[in-house]
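Everything on this sheet refers to the single structure shown next.
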Number of protein chains: 2
Amino acid sequence: MMASIKDIARVVGCSISTVSRVINDRDGVDPLTRKRVQEAIDRLDYVPNLTAQGLRAKRGRLIGVAIPNSTVGAFSVVVQFALEAAYSQGFNVVLVNSHDDPDLEETLIKSLLSREINGVMLTRVSDESKIVTKIVKRNIPIVVIDRAFEHENVSNVVLDNYKAGCMAAEHLLALGHRRIACITGPLKISLSRERLRGFQNTLAEKGVGLPPSHLHEGNFLYQTGILGVQTLREQGASYTALWAMNDLMGFGAMRALHERGVRVPEDVSVLGMDDLEIAEMVSPPLTTIHYPIKELVERAMELLISQINSSEVRSETIVLEPSMTIRGSTSLHPPAGSSAGRP
Amino acid sequence: MMASIKDIARVVGCSISTVSRVINDRDGVDPLTRKRVQEAIDRLDYVPNLTAQGLRAKRGRLIGVAIPNSTVGAFSVVVQFALEAAYSQGFNVVLVNSHDDPDLEETLIKSLLSREINGVMLTRVSDESKIVTKIVKRNIPIVVIDRAFEHENVSNVVLDNYKAGCMAAEHLLALGHRRIACITGPLKISLSRERLRGFQNTLAEKGVGLPPSHLHEGNFLYQTGILGVQTLREQGASYTALWAMNDLMGFGAMRALHERGVRVPEDVSVLGMDDLEIAEMVSPPLTTIHYPIKELVERAMELLISQINSSEVRSETIVLEPSMTIRGSTSLHPPAGSSAGRP
DNA sequence: CTGTTAGCGCTTTCAA
DNA sequence: TTGAAAGCGCTAACAG
């Protein structure tokens, strides 16, 4: 069986309060006593029971993290960074996976609440999420990442998606492209609309249009990248550059183009977004807009833990900037040895 | 504040024991009383505090999961499957990330032990891991996946790696290849040695050799795939087919070959292993040996939870079979319109 | 500087 | 069928 605070007290011949003081590094303990307690702790291999601490002192040092889907795409790394950031501050992470299903999300987060959770990091909550209110009512700090969530007691760490759209357009324009297409994310999600707005506005500034025939609404999955290229073709689009609003769709687009005999980037430049680890492993390596997920998660955890430590829930919003990662899937147009690519 | 069992008791006008009985679905409660308690529970939005339950009854319904690295490669999906399997049985998951560092692993798993963890799923523990003993001593069931761990109180769910090696060889031989190279995983890991053994033996049966010049020891990362192709070349290897012991190295190899102007699969067939989601997203899509991670994790969780429920720790070993997933990166040799590829 | 005491929210005998 | 009481391991006043 596992040694408890009592065992230490008994062995040392002191009270459990003294042991507790040593464990929690509080002063007001005779150095000698402290030393003897320490020794006993080491000898008996004692580890304080966080469950009991949590129950008593409301600080179980546990953070709940909810992610939509950890398999593929940008969010697979959230877990890793969250674990690290939390652990470095002495917190463990309980993870739930909501599959973008609001009902499941609710059930799962409830299961978190039944523990002495000190804080919650939410990814992509559905806008109408009722559960947030319940968490707030318990006075537990919440940080939402990736999607802004307006609430007086909820903090946000998000990307400047409008700017991402602008950067995508700037990159393509700078390379000389004028006939440009785009595979978007679901347009019911504000982040897709923001990206599109930035993209369109920047193109428009240079007098470049983005007609409906050059747009395809995808769902951020690989398959819609493939489908997108097909659809664009059926819509009669003619373009020398394509922006897919995430890397997965970018991969799909590259694949579809490849199969049609269209060369990337010689005939069509493909630009992605996210900068997944595998973006540099495909051929050609994907030029993409870097989504600073690591920083996003780290900032979110910082925010969360600072609120936990000061035991005051705030509403703070941090906006992070995207950046360009230029690789091999985009190039100048017309190309050096010009040969009018026309998918 | 959050409603407790006391609040329910007060509202209903009964004792907390009665409420407890209702919560835990025990009989010996008057139907009427039960109904009134239920109503109060619903009305006050009461959720039993698992922390307290765990403290008192030693069943916090929490499972600790340790993975080496959740970012990239086959193990990024472990998390997802583990969450699902655990949740379906009413358990939450606390996750730690050991980065293949035995010391960190130990610290992290200790942090798990300080909670009322009911079971532990370990991935790739270092063979000399001291921590396992400590967990066992606390009578907590352990399941190790991916790497066998011999211990009378530890269960294992592993892949038949020898067979994977055989299958790789069979596939390549069946396609007509005779000059074959291999980029292995670290050979200090038994799983790499097993795969290699199966591969070599099967080749040998057909009189095909695998000389040192046709071998490169990688570390399962993308970069060693690239490096592997370079090294093989420096070693003067001439081959028409290459097995990389995981997909990541396979991607690297394809990339390096591509940059050398060697066509895959026309000149060289490349075979991977793992069957990552992205294996079908690269060009050409990677033929690979499917590593049934989902099943692996599900079986592991089953084993774990059944041991938890029966509160007896056992040592059981489950061996899973690999299978082939044939895509576009391997083809017949000599090819239809033969043209002697020689990287 | 140290010990005593009263719980945190819950389950579990043991009586009634 | 129900309740009282003890206690899981720990912290936090409050005394000494």
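Each chain gets a letter, A, B and so on, in the order its sequence line appears, and its residues count up from 1. Values in this document were obtained by computation on a predicted structure and should not be read as measured data.
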(request) Answer with base, sugar-phosphate or nothing: what part of the nucleic acid does B/S17 contact at a heavy-atom distance below 4.0 Å? (result) base
(request) Ignoring the backbone of B/Y46, work out which of C/dC10, C/dG3, D/dG9 is nearest its side chain. (result) C/dC10
(request) Nearest whole angstrom, please: distance from the P of C/dG9 to the CG of B/L44. (result) 14 Å
(request) Side chain of A/T18 only, please: which of C/dT2, D/dT11, C/dT12 is the nearest? (result) C/dT2
(message) So for atom CZ, which belongs to A/R36, do other residues, nucleotides or ligands contribute more than 12 heavy atoms lying within a distance under 6.0 Å?
(response) no
(request) Scan B/R34 against the nucleic acid and name what it touches under 4.0 Å (heavy atoms): base, sugar-phosphate only, or nothing. (result) nothing
(message) Starting the side chain at C-beta, find the nucleotide from C/dC10, C/dC8, D/dT11 nearest to B/K6.
(response) C/dC8
(message) Using OP1 and OP2 only, check whether a side-chain N or O of B/Q53 sits under 4.0 Å from C/dC10.
(response) no
(request) Name the residue closer to the 5' end of DNA chain C, choosing between A/G28 and B/A52 according to the nucleotide with the nearest heavy atom. (result) A/G28
(message) So does B/E116 get a backbone contact from the side chain of A/T51, meaning a donor-acceptor N/O pair under 3.5 Å?
(response) yes
(message) Are the side chains of B/S315 and B/V154 in contact, using a 4.5 Å heavy-atom criterion?
(response) no
(message) If I take atom CZ in residue A/R10 and atom C1' in nucleotide C/dG3, what distance separates them, rounded to the nearest angstrom?
(response) 17 Å
(request) Classify the nucleic acid contact of B/S20 as base, sugar-phosphate or nothing, counting any heavy atom under 4.0 Å across all strands shown. (result) base
(request) Round to a whole Å and report the spacing from CG of B/N49 to C1' of C/dC8. (result) 9 Å
(request) Quickly work out the A/R36 CZ to C/dC1 P distance and round it to whole Å. (result) 15 Å
(request) Have a look at B/T33 and say if it touches a base, only the backbone sugar-phosphate, or nothing, with a 4.0 Å heavy-atom cut-off. (result) sugar-phosphate
(message) Using whole Å, what does the distance between atom P of nucleotide C/dC1 and atom NZ of A/K35 come to?
(response) 17 Å
(request) Please check if the side chain of B/T107 supplies one atom and the backbone of B/D103 the other of a donor-acceptor pair under 3.5 Å. (result) yes
(request) Could you please name the option among D/dC14, C/dT11, C/dC1 that lies closest to any side-chain atom of A/D30? (result) C/dC1
(request) Could you tell me whether the side chain of A/V143 reaches within less than 4.5 Å of the side chain of A/N156, counting heavy atoms only? (result) no
(request) Report the residue (A/R56 or B/R21) whose heavy-atom-nearest nucleotide on DNA chain D is the more 5′ of the two. (result) B/R21
(message) Tell me whether the count of non-hydrogen atoms from other residues, nucleotides or ligands lying under 6.0 Å of CD in B/E150 goes above 12.
(response) no
(message) Side chain of B/A57 only, heavy atoms from C-beta on: which candidate in C/dT2, C/dT11, D/dA4 is closest?
(response) C/dT11
(request) Tell me which nucleotide among D/dT11, C/dG3, C/dC8 gets nearest to the side chain of A/I23. (result) D/dT11
(request) Take the protein atom CG of B/N24 and the nucleotide atom C1' of C/dG9, then report the distance between them rounded to whole Å. (result) 12 Å
(request) Please tell me which of the listed nucleotides, C/dG9, D/dA5, C/dG3, lies nearest to the side chain of B/I5? (result) C/dG9
(message) Could you tell me how far apart B/I16 (CD1) and D/dC8 (C1') are, to the nearest whole angstrom?
(response) 14 Å
(request) Quickly work out the B/L55 CG to D/dC10 P distance and round it to whole Å. (result) 9 Å
